[in-house]
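The sequence lines fix the lettering, A, B, ..., with proteins before strands; numbering per chain opens at 1. The structure presented is a predicted model; accordingly, all values stated were derived computationally and were not measured. Computed over heavy atoms, backbone and side chain alike; hydrogens, waters and symmetry mates excluded.
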Protein chains: 2
Amino acid sequence: MRIATWNVNSVRARQQRLVNWLKSAQPDVLCLQELKCTDADFPFDVVKEAGYFAAVHGQKTYNGVAILAKTEPTDVIRGLSDGVDDTHARFISATVNGIRVVSAYAPNGQQVDSPAYVYKLEWYRRLRNYLDTRHKPDDLVVMGGDWNIAPDPIDVYDVAQWEGQTLFTLRERDALQQVCAFGLTDAFRKLYPDVQKFSWWDYRMLMFPKNKGVRIDHLFLTAPLVPRLTACDVDREERKGQQPSDHAPVWLELKD
Amino acid sequence: MRIATWNVNSVRARQQRLVNWLKSAQPDVLCLQELKCTDADFPFDVVKEAGYFAAVHGQKTYNGVAILAKTEPTDVIRGLSDGVDDTHARFISATVNGIRVVSAYAPNGQQVDSPAYVYKLEWYRRLRNYLDTRHKPDDLVVMGGDWNIAPDPIDVYDVAQWEGQTLFTLRERDALQQVCAFGLTDAFRKLYPDVQKFSWWDYRMLMFPKNKGVRIDHLFLTAPLVPRLTACDVDREERKGQQPSDHAPVWLELKD
DNA sequence: GTCTTCAAAG
DNA sequence: CTTTGAAGAC
């Protein structure tokens with residue numbers, strides 16, 4: 001079973017690339033982030049045409065997440081559903097083939113100590129609470145998303161430059177660790193403890209050609225799924241060519 | 001020798017369609033209108049890559065005309081060059097294979113009797129003056145362009161609806177006739193006196209699917225070229241599909 | 001750089 | 001419907 005995550009940076013602007021990628025990569029499940037459109041504007045028709053069901057939590061202009069799957073996702077939950085008044089469409093979960101799948105778009109955080117940064121740390125605290133409330137560590141859970149946090153020094157192209165910058169501050173990395181401490185494993189890092197691969201490159205300053213990126217898109221697995229993990233990679237090719245998303249898809253393979 | 005005219009409605013937005021059309025239609029000369037970009041922003045590289053030289057008279061946002069040709073255009077003149085202070089980039093002429101080629105984007109005219117309408121009639125008067133000053137009726141001249149005038153009742157989809165509307169008022173049609181009276185022949189109408197074909201359809205109101213258009217893009221020939229005219233047509237296919245221009249290309253064939 | 005929104009123009 | 005430009009986000 002192949003599960004992928006991709007921040008498409010506008011599902012409408014990326015419609016053709018999305019369809020092409022689905023056809024070539026053939027994931028069983030794809031977690032999408034930054035749809036940047038409402039449910040009404042989501043291209044359900046072309047996704048269906050490509051052979052996928054879609055559970056969507058859209059929002060105008062910003063955010064928006066979805067779970068695409070070859071079999072119909074069930075028990076769809078939109079948002080963290082913790083009673084907090086939060087208008088951002090950043091979280092959706094659904095069950096696909098007996099696995100609970102999450103598609104998450106973590107807040108970016110803007111500047112350190114800005115309101116957005118505070119919201120980001122709080123959002124991570126709420127996410128840990130979501131896991132504690134809804135799941136046991138031995139549930140079958142895969143969480144894919146744009147987490148807007150590089151977990152370790154190896155995950156940024158230049159530690160000196162990233163030191164203290166949003167996406168790489170100690171407080172953010174700690175917040176992510178607190179979530180993982182529930183019992184989640186970073187699929188890519190599990191398979192490749194020492195490999196440096198990035199999933200996001202700024203559109204500006206030729207960051208992609210220079211390969212100056214960061215790894216902020218992750219797939220997390222609960223413990224019972226870790227022994228089934230056989231492959232995980234970043235599809236760097238998808239970042240190339242005309243009008244790419246600034247993020248590349250990340251995918252993993254689970255054996256039966 | 002194949003000569004074509006096409007209002008591309010932004011040469012940058014239509015870059016890929018332009019290249020595809022050049023490759024399939026293989027005109028020796030293409031007159032372009034509504035480039036909507038400056039000379040600095042004109043995609044010289046992709047045009048060259050497609051096998052064409054380009055003489056360009058660009059303008060930011062509005063207007064902009066060019067002559068593309070498989071052999072290098074010489075003696076390029078930008079504008080009507082009649083001493084009138086006119087900032088609109090609506091006219092360019094150049095010599096290609098011994099033929100003087102004009103690419104013209106006539107003013108639209110907005111509402112009847114508006115300043116734009118007065119400017120349009122005056123522009124046509126200046127154009128006739130340009131011909132009188134620079135040419136003899138037996139020169140080899142081809143003028144392609146978006147003339148924003150439907151010459152005859154057959155050239156609009158509904159005469160009753162178009163009666164008195166800009167593009168079809170008697171004063172505009174007379175202004176165009178005054179230009180043609182210099183000694184120019186409408187290539188399409190010469191070959192097909194009774195055929196109704198359109199070259200422009202409004203983007204709105206499903207005008208193209210309903211084929212409610214007008215013929216305002218024309219190729220005019222001086223007398224010595226008329227006996228050499230073997231074919232002329234509108235490429236209606238180019239108006240179809242995703243992100244078309246609102247105009248279709250018009251082309252003609254001259255035998256040697 | 002590339003996306004969104006909006007207004008103005010055709 | 002499709003383009004342009006501007007502003008704001010990342």
Side-chain angles (χ1 to χ4, degrees), chain A residues 7-15 17-18 33-38 41 58-64 88-90 105-111 114-117 119-120 146 148-149 165-167 199-210 212-214 216-217 239-247, chain B residues 7-15 17 33-38 41 58-64 88 105-111 114 116-117 120 146 148 165-167 199-210 212-214 216-217 239-247:
Chain A
N7 178 321
V8 282
N9 187 16
S10 173
V11 73
R12 284 181 298 174
R14 218 74 59 210
Q15 210 168 109
R17 286 189 87 119
L18 172 61
Q33 300 87 39
E34 284 212 80
L35 305 179
K36 291 186 173 179
C37 70
T38 59
D41 289 332
Q59 182 183 334
K60 187 180 160 123
T61 313
Y62 302 105
N63 313 314
H88 296 12
R90 298 186 172 276
Y105 175 48
N108 172 284
Q110 298 182 153
Q111 300 307 307
S114 67
Y117 184 85
Y119 170 68
K120 180 178 190 169
D146 171 1
N148 269 318
I149 295 175
Q165 301 298 309
T166 318
L167 309 191
S199 66
W200 175 80
W201 300 259
D202 198 303
Y203 281 127
R204 296 162 290 190
M205 309 285 287
L206 300 171
M207 293 304 231
F208 181 69
K210 294 177 188 163
K212 293 190 170 185
V214 296
I216 58 179
D217 299 272
R239 179 57 238 250
K240 298 179 181 173
Q242 299 244 307
Q243 318 281 79
S245 168
D246 44 354
H247 295 253
Chain B
N7 178 323
V8 282
N9 187 16
S10 172
V11 72
R12 284 180 297 175
R14 220 73 59 211
Q15 209 169 108
R17 286 188 88 118
Q33 300 87 39
E34 284 213 80
L35 305 179
K36 290 188 174 178
C37 71
T38 59
D41 289 332
Q59 181 182 335
K60 187 180 158 122
T61 313
Y62 301 106
N63 312 314
H88 297 13
Y105 175 49
N108 173 283
Q110 298 182 154
Q111 300 308 308
S114 67
Y117 185 84
K120 180 177 191 172
D146 171 1
N148 270 317
Q165 300 298 308
T166 318
L167 308 191
S199 67
W200 176 79
W201 300 259
D202 198 303
Y203 281 127
R204 295 161 290 189
M205 310 284 287
L206 300 170
M207 293 303 231
F208 182 69
K210 294 177 189 162
K212 295 191 169 185
V214 295
I216 57 179
D217 300 272
R239 178 61 238 251
K240 299 179 181 173
Q242 299 243 308
Q243 317 282 78
S245 168
D246 42 355
H247 296 255

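- dC3(C) atom C1' lies 15 Å from atom CD of Q59(A), rounded to whole Å.
- As rounded to whole Å, 11 Å separates atom P of dG1(C) from atom CZ of R239(A).
- Take T61(A) and apply the side-chain contact (heavy atoms from CB on, under 4.5 Å) test, not counting sequence neighbours, and it matches no residue.
- Applying ring pair (Phe, Tyr, Trp, His ring centres under 6.0 Å) to H88(A) and the options Y119(A), Y62(A), Y105(A) leaves one that passes, Y119(A).
- Taking CD of Q33(B) as the start and NE2 of H247(B) as the end, the distance is 8.0 Å to the nearest 0.5 Å.
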message: Between D217(A) and N7(A), is the side-chain contact (heavy atoms from CB on, under 4.5 Å) condition met? List the steps.
response: CA-CA 8 Å; D217(A) 299 272; N7(A) 178 321; 4.1 Å; yes
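- Atom CG of N63(B) and atom C1' of dA9(C) are 12 Å apart (whole Å).
- Judged purely by distance below 3.5 Å, without hydrogens or angles, the side chains of N148(A) and K120(A) never pair a donor atom with an acceptor atom.
- Straight-line distance from the NE2 atom of H247(A) to the C1' atom of dC3(C): 12 Å, rounded to whole Å.
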- request: Produce a footprint string for nucleotides 3-10 of chain D: one letter per nucleotide, 5' end first; B if the base is under 4.0 Å from any protein heavy atom, S if only the sugar-phosphate is, - if neither.
  value: SSS---SB
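- The separation between K240(B) atom NZ and dC1(D) atom P is 19 Å, rounded to whole Å.
- One can place CD of Q242(A) at 14 Å from P of dG1(C), the figure rounded to the nearest angstrom.
- With hydrogens and angles left out, the side-chain atoms of Y117(B) and N108(B) include no donor and acceptor closer than 3.5 Å.
- We find that CG of D41(A) is positioned 11 Å from P of dT4(C), with the value rounded to whole Å.
- Atom C1' of nucleotide dT2(D) and atom CE of M205(B) are separated by 16 Å, given to the nearest angstrom.
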